[in-house]
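Worksheet: the structure to be examined is printed underneath.
Just so it is clear, the values below take in all heavy atoms, side chains as well, and ignore hydrogens, waters and symmetry mates. Just so we're on the same page: letters track the sequence lines, and every chain starts at 1.
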Number of protein chains: 2
Amino acid sequence: MTEPSRPRRGENLDITHKRGKPTLRTIATIAGLAVTTVSRALSDAPQISLETRQRVHRIAREIGYLPDRAAQRLKTGRTNVIAILLDSHEEVVGFSTSIMYGIAKALKETSYHLVVAPNFLSTTDVEAAEYIIRNHLADGLIFTRTEPLDARVRLLLETGFPFICHGRTEFSTPHPYVDYDNFSFAYEATRRLIAKERRKVAVILPPKRLTFCQHILHGFMTAVREAGIAYEIPETVDLDTPADVLRDFICSRATAPDAPDGFICPGEVSALAVISGMSDAGRTLAVDYDIVAKETSRLLTQLQPKVDTIHEDLTAAGEDLGRMLLQRINNVNLDDLHLLLTPQINFPIG
Amino acid sequence: MTEPSRPRRGENLDITHKRGKPTLRTIATIAGLAVTTVSRALSDAPQISLETRQRVHRIAREIGYLPDRAAQRLKTGRTNVIAILLDSHEEVVGFSTSIMYGIAKALKETSYHLVVAPNFLSTTDVEAAEYIIRNHLADGLIFTRTEPLDARVRLLLETGFPFICHGRTEFSTPHPYVDYDNFSFAYEATRRLIAKERRKVAVILPPKRLTFCQHILHGFMTAVREAGIAYEIPETVDLDTPADVLRDFICSRATAPDAPDGFICPGEVSALAVISGMSDAGRTLAVDYDIVAKETSRLLTQLQPKVDTIHEDLTAAGEDLGRMLLQRINNVNLDDLHLLLTPQINFPIG
DNA sequence: GTAAAAATTTAAAACGTTTTCATTCCTCGA
DNA sequence: TCGAGGAATGAAAACGTTTTAAATTTTTAC
């Protein structure tokens with residue numbers, strides 16, 4: 001089985017160079033061409049004759065040639081890798097997995113691979129990006145949960161390293177991003193609660209430092225002001241608050257006379273926590289209060305009584321992120337530098 | 001800014017070779033040594049004098065030298081990468097993310113990186129593994145959801161490629177794995193339902209082809225037989241069944257006179273589906289029936305009324321997977337080739 | 001004081017590509 | 001008939017490291 005394939009029918013060329021994988025030299029020997037020519041033929045360079053090109057391609061296929069990525073990388077300086085900064089906050093509900101899945105989808109037919117760079121490698125998240133750049137670990141970078149003046153964006157803009165982020169910033173320099181229309185999410189969610197005749201709505205906001213917190217707040221406030229309804233914005237908890245803490249907070253708040261009877265939850269975990277907390281306080285969903293939640297999975301749809309949800313398709317986002325980053329890396333002019341994905345509303349709007 | 005840094009104070013050595021990143025040659029020039037010596041000094045080879053070694057290390061640090069991974073890889077044949085086959089079935093509840101997070105943790109202080117290889121790259125999952133090996137994309141491979149005679153394991157054993165899997169197989173050849181004690185999970189879960197005086201228990205099994213399906217079945221049957229209680233094993237649905245389908249199935253089943261009043265759910269989604277389905281049929285959790293579920297997140301713990309859960313720590317599993325694979329790659333003798341992780345039971349056992 | 005042995009250091013080749021520059025072989029126009 | 005110009009191919013250098021084998025220096029043994 002590991003026996004070296006014996007030359008057949010008088011064949012005696014040194015085809016299997018060092019009994020290892022076939023290289024350009026192997027093909028060159030077989031075809032009676034120079035390595036240079038083979039290299040050119042395989043990369044479909046224009047000056048190679050059609051006949052040679054086809055012959056080389058055929059031989060390569062027959063002997064199962066695969067280019068050595070390390071050699072290519074050493075020579076060209078391109079890694080054929082894109083990296084994603086994995087945020088530890090997203091661990092819970094498969095946020096990152098969905099995005100990665102989408103990215104991988106976009107990379108499918110290309111020569112690119114996806115590597116995962118957890119940001120706990122360093123104290124700050126900028127350092128993780130720096131690490132990638134300095135070690136030349138990738139040709140492009142993807143990251144999530146942007147801040148208005150995101151240090152990672154600043155660094156990457158400065159160094160000119162190709163990147164794209166999931167979420168917007170407030171930098172004037174244009175850079176590519178994919179984002180979800182969180183304004184619309186919050187606006188429509190709030191309007192839904194109002195339509196259900198709730199008299200006081202509350203929103204669980206993401207951590208204040210994140211850009212999309214502002215968008216949600218804006219959407220929420222717009223709907224609230226339009227309707228002139230009472231509202232509440234809890235200050236001591238947010239989307240990253242551990243579920244049990246959030247639950248206790250909601251429970252204690254629920255007993256007050258001016259407690260909200262409508263909640264916007266921008267995530268599955270917070271929605272469950274709110275439901276539990278209210279339940280602890282003896283409040284019943286759909287009777288005493290309502291929730292509109294954002295879901296990135298299909299988890300909440302299973303709940304009973306049914307929670308109104310607005311879906312965020314993270315796999316689609318990942319696919320766009322990957323596609324756009326590749327274009328950026330290869331200097332293809334992006335048709336659109338920015339992409340704003342539309343919320344998919346799972347309840348009747350009127 | 002991109003102006004070449006002018007030599008200062010009479011310095012005139014060609015330190016910045018081609019105005020680029022420092023290489024071994026840069027250090028060699030500064031130290032007045034041969035490249036060979038520098039290479040050896042940095043890899044702490046024994047024959048280099050202590051003084052030289054320290055000096056080289058100091059210079060490397062000062063000028064911010066980082067080895068070129070492509071060159072190292074080309075020369076040594078080692079990629080410094082380990083790959084994980086991402087399974088599309090695990091998309092939902094962040095199964096993979098947790099494992100990846102753990103792996104990344106194990107890789108933290110090493111020179112290794114984690115790349116994600118989605119298995120939809122190919123028609124079969126063996127092809128994804130083959131792809132990795134043939135393209136020499138990694139030094140080691142991790143994958144999940146093993147089958148008793150797993151084709152991936154067979155391939156990797158044949159080729160001698162380093163790997164470790166999450167889940168057992170039935171191959172006689174010893175190979176490393178990390179697994180969760182699904183027998184105990186199912187056994188304890190079933191006993192819990194029995195302790196709660198349920199008269200007929202049902203289990204939602206994983207797809208039959210997966211090894212851990214057998215373990216769960218075994219644990220379930222053992223407890224059932226010990227107690228001599230009635231049981232049921234739905235044949236038309238499993239853990240991978242879409243939540244809404246499972247929900248409908250449970251609902252229709254619930255109306256029959258011999259319907260089960262206790263459920264083992266080896267996952268969050270199935271637990272929620274069962275709860276919804278029973279609810280559709282007018283059955284109330286903790287009153288008409290009980291559930292014991294496996295959770296890999298902290299999602300179910302939030303539910304009301306409280307579901308009994310047994311936790312599986314996937315991040316810990318990932319950490320072990322990474323650690324053990326590294327040992328394997330570097331031919332360190334594994335203290336234990338096999339690791340069986342203990343279920344963490346979140347209810348009183350008696 | 002010298003030869004052998006040990007301790008350091010070095011030169012050069014190699015890994016498999018891509019790329020620059022040169023070469024060969026035509027074809028064509030004068 | 002000859003040289004110009006183009007098309008196709010090739011030789012060789014380079015990317016930055018590791019490794020083999022050799023050279024140099026230092027130490028040890030007599």
Taking only residues two or more places apart in sequence or in another chain, which ones pass side chain to side chain donor-acceptor pair (under 3.5 Å) with B:Thr52? B:Ser49
Output yes when a side-chain donor or acceptor of B:Arg53 lies under 3.5 Å from a complementary backbone atom of B:Ile48, and no otherwise. yes
Of the options D:dA21, C:dG16, D:dG16, whose atoms approach the side-chain atoms of B:Asp68 most closely? D:dG16
Listed in order of residue number, which residues of residues 69-77 of chain A have a non-hydrogen atom at under 4.0 Å from DNA chain D? A:Leu74, A:Lys75
B:Arg168 meets the salt bridge (charged side-chain N to carboxylate O under 4.0 Å, His left out) criterion, sequence neighbours left out, with B:Asp179
Is it the case that the side chain of B:Asp336 and the backbone of B:Leu339 share a donor-acceptor pair, with hydrogens and angles ignored and the cut-off at 3.5 Å? no
What nitrogen or oxygen pairs link the protein and nucleotides 22-25 of chain D at under 3.5 Å?
none

Whole angstroms only, please: what is the CG-C1' distance between B:Leu24 and C:dA13? 16 Å
By side chain to side chain donor-acceptor pair (under 3.5 Å), B:Asn80 pairs with (sequence neighbours left out) B:Ser111
What is the separation between atom CD1 on A:Ile63 and atom P on C:dG16, rounded to the nearest whole Å? 13 Å
Whole Å only: how far is the CZ atom of A:Arg40 from the P atom of C:dT18? 11 Å
Contacts of B:Asn333 that satisfy side chain to side chain donor-acceptor pair (under 3.5 Å) - sequence neighbours left out: none
Whether B:Tyr131 and A:His113 hold their rings parallel, tilted or perpendicular, with breakpoints at 30° and 60°: perpendicular
Out of C:dT20, C:dT18, C:dG16, minimum distance to the side chain of A:Val35 belongs to C:dT18
In degrees, rounded to 10°, what is the bend between the two ends of the helix from C:dG1-D:dC30 to C:dA30-D:dT1, using five pairs at each? 60°
Residues at least two apart in sequence or cross-chain that pass salt bridge (charged side-chain N to carboxylate O under 4.0 Å, His left out) with B:Asp139, listed by chain then number, are none
Within this structure, what is the CG-to-P distance between A:Asn135 and D:dT17, rounded to whole angstrom? 12 Å
Integer-rounded Å distance: D:dA11 C1' and A:Leu33 CG: 14 Å
Given the options A:Asp150, A:Leu321, A:Ile164, A:Phe143 meets side-chain contact (heavy atoms from CB on, under 4.5 Å) only with A:Asp150
Backbone N or O of A:Leu33 within a donor-acceptor pair of the A:Thr37 side chain at under 3.5 Å? no
Integer-rounded Å distance: D:dC15 C1' and B:Lys21 NZ: 10 Å
Heavy atoms within less than 4.0 Å of DNA chain C: which residues of residues 44-59 of chain B have one? Give them sorted by number. B:Gln47, B:Ile48, B:Ser49, B:Thr52
Taking only residues two or more places apart in sequence or in another chain, which ones pass side chain to side chain donor-acceptor pair (under 3.5 Å) with A:His57? A:Asp44
Side chain to side chain contact (heavy atoms under 4.5 Å, CB included) partners for A:Leu157, two or more places apart: A:Val153, A:Phe163, A:Phe171, A:Thr173, A:His175
Proximity to the side chain of B:Thr37 - top-ranked nucleotide from D:dT19, C:dT20, C:dT9: C:dT9
Using a strict 4.0 Å threshold on nitrogen-to-oxygen distance, state whether B:Glu62 and B:Arg58 make a salt bridge. yes
Ignoring backbone atoms, establish whether A:Thr36 has a side-chain N or O less than 4.0 Å from OP1 or OP2 of D:dT9. no
Take atom CD1 of B:Ile27 and atom C1' of D:dG16, then tell me their distance rounded to the nearest Å. 12 Å
With salt bridge (charged side-chain N to carboxylate O under 4.0 Å, His left out) as the rule and sequence neighbours excluded, what pairs involving residues 319-333 of chain A come up? A:Asp320-A:Arg323
